[in-house]
Trainee: 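A single structure is presented below for examination.
The sequence lines fix the lettering, A, B, ..., with proteins before strands; numbering per chain opens at 1.
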There are 2 protein chains.
Amino acid sequence: MHSETDDVRLDPPRAGRVDAVDRKLLGLLLEDATLSYAELGRLVHLSAPAVHERVKKLRRAGAIRRTTVELDGTLLGRPLLSFVEVETSGWGKTPDMLALRADPRVEEMHSVTGEACVLLKVRCTDTRDLEDLLHRIYAIEGVKGTRSTVALQTFLERGPQP
Amino acid sequence: MHSETDDVRLDPPRAGRVDAVDRKLLGLLLEDATLSYAELGRLVHLSAPAVHERVKKLRRAGAIRRTTVELDGTLLGRPLLSFVEVETSGWGKTPDMLALRADPRVEEMHSVTGEACVLLKVRCTDTRDLEDLLHRIYAIEGVKGTRSTVALQTFLERGPQP
DNA sequence: GGTGAAACGCTCTGGTG
DNA sequence: CACCAGAGCGTTTCACC
């Protein structure tokens with residue numbers, strides 16, 4: 001008498017069951033999180049309180065991390081998007097490296113497989129600004145080198161899909 | 001007669017003036033877009049209608065692309081984040097390549113400098129699922145090779161900052 | 001561009017099936 | 001787990017400065 005979620009690799013840590021309606025709600029909220037519960041209810045054929053309850057659950061379960069606004073980096077003065085691979089001696093995750101998160105130009109930081117230890121996604125004002133950021137990165141203890149890849153054009157940019 | 005959009009840098013194309021209060025509002029909305037205009041007004045010392053007006057302007061100007069929810073890829077069943085560089089013969093931007101955007105595993109697609117032409121950010125269920133996606137990529141006309149970098153741990157992941 | 005007042009509509013809680 | 005009803009409050013428009 002195993003539940004049907006048993007074979008999903010020992011249960012995603014209390015995702016708490018995300019059914020088809022939930023996924024539709026997540027899709028709709030991804031497009032426009034200002035939709036009212038009343039409207040959402042119409043779109044999934046449920047009452048507003050029912051939708052409210054489901055969304056609240058999705059928040060508590062963590063499937064919805066938060067409600068936020070998506071900004072335009074170019075319009076805000078940072079048109080230069082780049083990916084910077086950072087090679088370090090030893091393990092890259094040092095306090096100095098993590099402190100880079102406070103820099104508004106740094107949007108992502110991952111430890112990764114491959115020749116580099118850390119991969120950064122950064123958005124800068126111009127090449128001068130990127131150079132400045134690279135200087136800051138090289139100042140970090142243990143950084144041996146970097147390899148920057150500049151984005152020429154962005155065809156798609158979004159978060160996790162439902 | 002030239003419209004004011006003719007010169008594409010010399011003035012961020014009608015960013016329309018984003019002052020300190022706007023940036024503070026953007027910062028607050030980034031953290032929590034469910035904040036009421038009343039609350040935002042308290043935080044920036046303005047009335048609710050004034051805040052409403054500013055946010056509406058920021059939307060129209062495009063600084064705020066949209067209001068959305070941030071989902072947890074792991075909880076939704078895609079714990080494996082990777083970056084895939086795609087090398088192509090000729091220019092990578094083909095209709096087949098762009099069609100990849102319909103795949104929910106693909107979160108970002110940029111044309112980039114360097115050895116690869118296209119960089120993808122993808123989120124998969126597991127390595128088997130990533131392999132399946134790579135097969136799909138290799139099936140695209142003109143694709144010569146790929147190089148995948150797997151994220152071991154994510155220390156920061158967010159959008160453009162104000 | 002900001003303010004205050006007021007009407008409307010939505011959220012959100014309880015109680016019920 | 002979904003629905004209905006209702007109280008409360010936020011949004012949104014208006015006239016005015």
Trainee: Would Glu157(A) and Arg123(A) count as a salt bridge (charged side-chain N to carboxylate O under 4.0 Å, His left out) here? Give the steps.
Mentor: CA-CA 13 Å; Glu157(A) 193 171 23; Arg123(A) 203 179 295 267; 2.9 Å; yes
Trainee: Taking CG from Asp22(A) and P from dC1(D), how many angstroms apart are they, rounded to a whole number?
Mentor: 9 Å
Trainee: Between Arg105(A) and Asp103(A), is there a side-chain N and carboxylate O pair less than 4.0 Å apart?
Mentor: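 Salt bridge between Arg105(A) and Asp103(A), a charged N being under 4.0 Å from a carboxylate O: yes.
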Trainee: Heavy atoms only: give me the nearest Cys117(B)-Gly90(B) pair and the separation to one decimal.
Mentor: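 Closest approach of Cys117(B) to Gly90(B), heavy atoms only: SG-O, 4.0 Å.
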Trainee: Residues two or more places apart in sequence or in another chain: which of them pass salt bridge (charged side-chain N to carboxylate O under 4.0 Å, His left out) with Glu85(A)?
Mentor: Arg147(A)
Trainee: Within a 6.0 Å radius of atom CD on Glu141(A), are there more than 12 heavy atoms belonging to other residues, nucleotides or ligands?
Mentor: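 Check fails, neighbour count at 12 or below.
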Trainee: Check the side chains of Arg59(B) and Thr67(B) for a donor-acceptor pair under 3.5 angstrom, ignoring hydrogens and angles.
Mentor: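 A donor-acceptor contact under 3.5 Å links the two side chains.
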Trainee: Leu46(A) has an atom CG; how far is it from atom P of dC4(D), in whole Å?
Mentor: 11 Å
Trainee: Trp91(B) and Val84(B): same hydrophobic cluster, using ILVMFWY side-chain contacts below 4.5 Å?
Mentor: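 Per the 4.5 Å side-chain linkage, Trp91(B) and Val84(B) are not co-clustered.
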Trainee: Could you tabulate the donor-acceptor pairs under 3.5 Å formed by side-chain atoms of residues 18-27 of chain B, not counting sequence neighbours?
Mentor:
unit_1: Asp19(B); atom_1: OD1; unit_2: Val21(B); atom_2: N; d: 3.1
unit_1: Asp19(B); atom_1: OD1; unit_2: Asp22(B); atom_2: N; d: 2.8
unit_1: Asp19(B); atom_1: OD1; unit_2: Arg54(B); atom_2: NH1; d: 3.1
unit_1: Asp19(B); atom_1: OD2; unit_2: Arg54(B); atom_2: NH1; d: 3.2
unit_1: Asp19(B); atom_1: OD2; unit_2: Arg54(B); atom_2: NH2; d: 3.3
unit_1: Asp22(B); atom_1: OD1; unit_2: Arg54(B); atom_2: NH1; d: 2.9
unit_1: Asp22(B); atom_1: OD2; unit_2: Asp19(B); atom_2: N; d: 3.4
unit_1: Arg23(B); atom_1: NH2; unit_2: Leu76(A); atom_2: O; d: 3.2
unit_1: Lys24(B); atom_1: NZ; unit_2: Leu43(B); atom_2: O; d: 3.4

Trainee: Do you know which two heavy atoms are closest between Cys124(A) and Leu133(A), and how far apart they sit?
Mentor: SG-CD2, 4.0 Å
Trainee: Within residues 29-45 of chain B, find the residues that approach DNA chain C with a heavy atom at under 4.0 Å, and present them sorted by residue number.
Mentor: none
Trainee: With respect to the side chain of Pro49(A), which nucleotide from dA2(D), dA5(D), dC1(D) is positioned closest?
Mentor: dA5(D)
Trainee: Which pairs pass salt bridge (charged side-chain N to carboxylate O under 4.0 Å, His left out) with one or both residues in residues 30-41 of chain B, sequence neighbours excluded?
Mentor: Glu39(B)-Arg42(B)
Trainee: In whole angstrom, give the distance that lies between atom CZ of Arg54(A) and atom C1' of dC1(D).
Mentor: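 Atom CZ in Arg54(A) sits about 8 Å away from atom C1' in dC1(D).
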Trainee: Between the axis at one end of the helix from dG1(C)-dC17(D) to dG17(C)-dC1(D) and the axis at the other (five pairs apiece), what's the angle to 10 degrees?
Mentor: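 Axis-to-axis angle, ends of the helix: 30°.
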Trainee: Between dT12(D) and His52(B), is there an OP1 or OP2 to side-chain N/O distance shorter than 4.0 Å?
Mentor: yes
Trainee: Round to a whole Å and report the spacing from CD of Glu53(B) to P of dT13(D).
Mentor: 9 Å
Trainee: Start with the C-alpha distance between Glu70(A) and Arg158(A), add both sets of side-chain angles, then the distance that settles salt bridge (charged side-chain N to carboxylate O under 4.0 Å, His left out), and finish with yes or no.
Mentor: CA-CA 9 Å; Glu70(A) 194 181 286; Arg158(A) 62 184 181 190; over 6 Å; no
Trainee: Where does the chain A footprint on DNA chain C start and end, counting 5' to 3' with a 4.0 Å heavy-atom cut-off?
Mentor: dC10(C) to dT13(C)
